[in-house]
Amino acid sequence: MQIQTFDANVVESSVTKTYSDFSASNSTYSGNLFQLPKNCSILSIDMTVDEAFTGNESNECFMSINRDLITQKNITNVLDQDYTYRNLADNPYFFVGTNWSADADLSEDRRGHGACGTTSAGLCFGGDNRAVSYINSTEEYNGTAWSAGGNLSAGTGLTSGCGTQSAGLCVGGRISGTDYDDKTEEYNGTSWSAGGNLSTQRRSLSSCGIESAALAIGGRSGASTVEDTSEEYNGASWSSGGNLSYSKSFTAAAGTISAALCIGGYNTDSDITISQTEEYDGTTWTLGGNCLIGTSRSSGCGTSTSGFKCSGQTNSGSDHILTNESETYNGNVWSASTRMLVARRTLAGDGTQTQNFTTGGIDDSGKYLASTEIFSTTTSVDYEWLQFSIESAGVGAWSSTVPMIRALSYLAACGSAQGALVFGGDDGTPTSGSEAFNGIAWVNEGTLSTARYSHGGTGEVYEAALACGGWTGSITGTSEEYNGTSWSGGGTLNTARYHTEASGTQTAALSFGGYTTVSLDSTEEYNGSVWSVVNSLNSVRSLHGGCGTQTSSLAIGGYLSSGYTNSCEEYDGTVWTTGVSVDTNRWVMASVGNPALAMFFGGAKDGNRTADTFEFDGISWRATDSLNIARSTLGGAGSTTAAMSCAGNSSDGKSPYSERWDKAPSQNLSGLTAGSLTFNIAYINYE
């Protein structure tokens, strides 16, 4: 192993793990690798597959190392898949110890919730977790465990909280896809009761103070309206407070009604996540010290001269770059504190600068969390075990869900399995309708400005969808953006097209291939405003499958210049390269995932529609459980572990059928019969 040496203590170590280490496990094994001292820099981690893992050929095995040092590397039935995390002395991973510790989980996953109290008497309420669109439950923390408290009057998401466990406030929020909340509820330690209504309904706000003297700050009051206002509460009614320097939402807050902090957030004027702090003196907001890392959707607590903020999202848009950093404020400047165990966004917590808690949120994989972390300056860990885990990916299966409202073909879909959005399509003519799945039923959403089908569609969440190109009665290059309520015009493609594909997010999208009078190889990137031409596909193609992000996408099958194909191409953000071909010529399928973990389902082959489903692990395609109803020209949303197939042409013609794909971990790690990994690490010990 090659490393660059420093004038410091460079430590090298190796450890080997074999299949027999996992013989007592079912779906997942976790174990320690290396014990790292406080204040060290990892120079490199090398993983060598000495012997491929075999014995559960029906399922993949994936290896990962905590702190995202190595993630999701497939090690099943592979003769040689060595992997180097880092060997860059100029970009080391730095571990400084931590004051964070994991504590009891909430009873249910939630994000966008409210929290208040202390590490010995905490309160958590509201939020959502996709399984339940908006949660009304409350949980109380006693320093050891969470237990059920009284329910809110209604489920509320993207809300805020302040006060104590026995005198808490739930302020504002979102009570449905289009309705923002002006409601305040007061908690007495047992039950919630109605308080005074906000002057302005708002969600994605922050709040601080106590039940009888609280402050509500910023937030969104409409689909495209971000507030610069604040409001003050006297225990009975709200009145106008001072205006922020800028309109902002998803901020963190700390302090009291007369000495508060508004920290970071998302500023629509500059279209970025900001590092700005504003200080309130009970009358006027003024600029304070900037955070070291600008974040939105973070958690804040403490006072205006002894503040604290942690975790959150460091970028704008929906691609969600998260941080686990925490910082402290002395009334003038922010300073680095220690890292949380798990990076997360839309979390909630409370406490003081030296003793606080955080709960829930969403991690960088998109998983909703129930975990709790406690920060305490009296608890300092001087070492960390670097751990690894092996997980058997399991076998997925399709199950029928409630039908869609419309019978469609050539539609577009995006979002998650629990929050899918279908928009446009062919119901005999181009349609402008949209509908979303809320985990229980399909409901109507905002209509496209221009009816279209055979268009591209993408978006990680349904509240931030993008439609581009398509057939409106003629070929179009227009695009539209959805904010969870309504569609509005976006940038126009340089080349109008239909029978196309799109991937990525509303602010970082990719459109590739398609058809005019011939199939196209054209690729364009979108930045949320303008489409730009980039390197073309190697082969022209239309009616193909596609998935991924703007910097990592996959094109699957489709129609070339004179016939259908089984070829695939992969995009790395710069160029397209030849990928692994599927088993036979296929077209008009739906697909989800990315070039490392992908899946397509339905479509056509041999001139007939099919129910086939194939999974890709970055190395090869493998047939898996088929759709219950064969369909072509369908839509797909979600991921390789939880997906939704939507509508499409069936034997009955245009169909409203939808099916849910779930892939739970298998229980067969104990069936492994061979396999061995060796890990090598090099780090600088500064102790």
K.L.:
Keeping Arg203 on the side-chain end and Gly157 on the backbone end, is there a donor-acceptor pair under 3.5 Å?
P.N.:
no
K.L.:
Does any part of the side chain of Thr505, heavy atoms only, come nearer than 4.5 Å to the side chain of Gln550, both counted from C-beta?
P.N.:
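Side-chain contact under 4.5 Å: no.
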K.L.:
For Asn566, is there any backbone N or O sitting under 3.5 Å from a side-chain donor or acceptor partner on Asn585?
P.N.:
yes
K.L.:
Main chain of Leu627, side chain of Glu659: is a donor-acceptor contact present, judged purely on distance under 3.5 Å?
P.N.:
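Side chain of Glu659 to backbone of Leu627, a donor-acceptor pair under 3.5 Å: no, none is there.
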K.L.:
Checking Arg609 side chain against Gly602 main chain: does a donor-acceptor pair fall under 3.5 Å?
P.N.:
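No; zero donor-acceptor contacts below 3.5 Å.
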K.L.:
Are Ser658 and Phe437 packed together at the side-chain level, in the sense that at least one heavy-atom pair is separated by less than 4.5 angstrom?
P.N.:
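Sidechains of Phe437 and Ser658: no contact.
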K.L.:
Any idea how Trp487 and Phe423 line up, ring-wise: parallel (<30°), tilted (30 to 60°), or perpendicular (>60°)?
P.N.:
tilted
K.L.:
Parallel under 30°, tilted from 30 to 60°, perpendicular over 60°: which one fits the rings of Tyr515 and Tyr498?
P.N.:
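Because their plane-to-plane angle is over 60°, the rings of Tyr515 and Tyr498 count as perpendicular.
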K.L.:
Can you confirm whether Asp583 sits close enough to Trp621 that some side-chain heavy atom of one is under 4.5 Å from a side-chain heavy atom of the other?
P.N.:
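Asp583 vs Trp621: side chains apart.
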K.L.:
When rounded to the nearest 0.5 angstrom, what is the spacing between CD in Gln506 and CD in Glu481?
P.N.:
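One finds 4.5 Å between CD of Gln506 and CD of Glu481.
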K.L.:
Here's one to test your reading of the geometry: is the NZ or CZ of Arg297 within 45 degrees of the ring axis of Phe250 and under 6.0 Å from its centre?
P.N.:
yes
K.L.:
Flag the pair Thr450 / Thr476 as yes when at least one side-chain heavy-atom distance between them is below 4.5 Å, and no otherwise.
P.N.:
no
K.L.:
Do you know which two heavy atoms are closest between Ser511 and Thr500, and how far apart they sit?
P.N.:
OG-OG1, 3.8 Å
K.L.:
Looking at side-chain heavy atoms only, is the closest gap between Glu463 and Glu445 below 4.5 Å?
P.N.:
no
K.L.:
Is Arg174 close to Asp128 at the side-chain level, that is, under 4.5 Å between some pair of heavy atoms?
P.N.:
no
K.L.:
Using atom types as modelled and distance alone, determine if a side-chain donor or acceptor of Tyr559 lies under 3.5 Å from a backbone N or O of Ser519.
P.N.:
no
K.L.:
Any heavy-atom pair between the side chains of Cys568 and Ile556 that's under 4.5 Å?
P.N.:
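With C-beta onward as the side chain, the pair touches.
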K.L.:
Is there a donor in the side chain of Ser552 and an acceptor in the side chain of Asn594, or the other way round, less than 3.5 Å apart?
P.N.:
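No.
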K.L.:
Nearest 0.5 Å, what's the OG-CG distance between Ser522 and Leu493?
P.N.:
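With rounding to 0.5 Å, OG (Ser522) is 8.0 Å from CG (Leu493).
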K.L.:
Step by step, would you call Tyr657 with Leu634 a side chain to side chain contact (heavy atoms under 4.5 Å, CB included)?
P.N.:
CA-CA 10 Å; Tyr657 304 129; Leu634 69 166; over 6 Å; no
K.L.:
Let me confirm one number: the SG-CH2 distance from Cys646 to Trp442, rounded to the nearest 0.5 Å.
P.N.:
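That separation rounds to 4.0 Å.
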K.L.:
Quick one: do Phe512 and Trp576 satisfy ring-ring contact (aromatic ring centres under 6.0 Å, His included)? Show the steps, please.
P.N.:
CA-CA 10 Å; Phe512 46 100; Trp576 290 94; 5.2 Å; yes
K.L.:
Any side-chain donor-acceptor pair under 3.5 Å between Ser204 and Ser249?
P.N.:
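Ser249 and Ser204 do not have a side-chain donor-acceptor pair below 3.5 Å.
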K.L.:
Go through the steps to decide whether Arg586 and Asp612 satisfy the test salt bridge (Lys or Arg N to Asp or Glu O under 4.0 Å), and finish with yes or no.
P.N.:
CA-CA 10 Å; Arg586 294 178 181 271; Asp612 292 349; 2.9 Å; yes
K.L.:
Sequence neighbours left out, cut at 3.5 Å: what donor-acceptor pairs do the side chains of residues 424-432 make with other protein atoms?
P.N.:
from	atom 1	to	atom 2	distance (Å)
Asp426	OD1	Gly428	N	2.8
Asp426	OD1	Thr429	N	3.4
Asp426	OD2	Lys654	NZ	3.3
Asp427	OD1	Thr429	N	3.4
Thr431	OG1	Gly433	N	3.2

K.L.:
How far does CD of Glu524 sit from OG1 of Thr492, to the nearest 0.5 angstrom?
P.N.:
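Between Glu524 CD and Thr492 OG1, I get 10.0 Å after rounding to 0.5 Å.
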K.L.:
What I'd like to find out is whether the side chain of Phe616 reaches to under 4.5 Å of the side chain of Thr640, using heavy atoms alone.
P.N.:
no
K.L.:
Can you tell me how far OG1 of Thr495 sits from CH2 of Trp531, rounded to the nearest 0.5 angstrom?
P.N.:
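The CH2 atom of Trp531 sits 11.5 Å away from the OG1 atom of Thr495.
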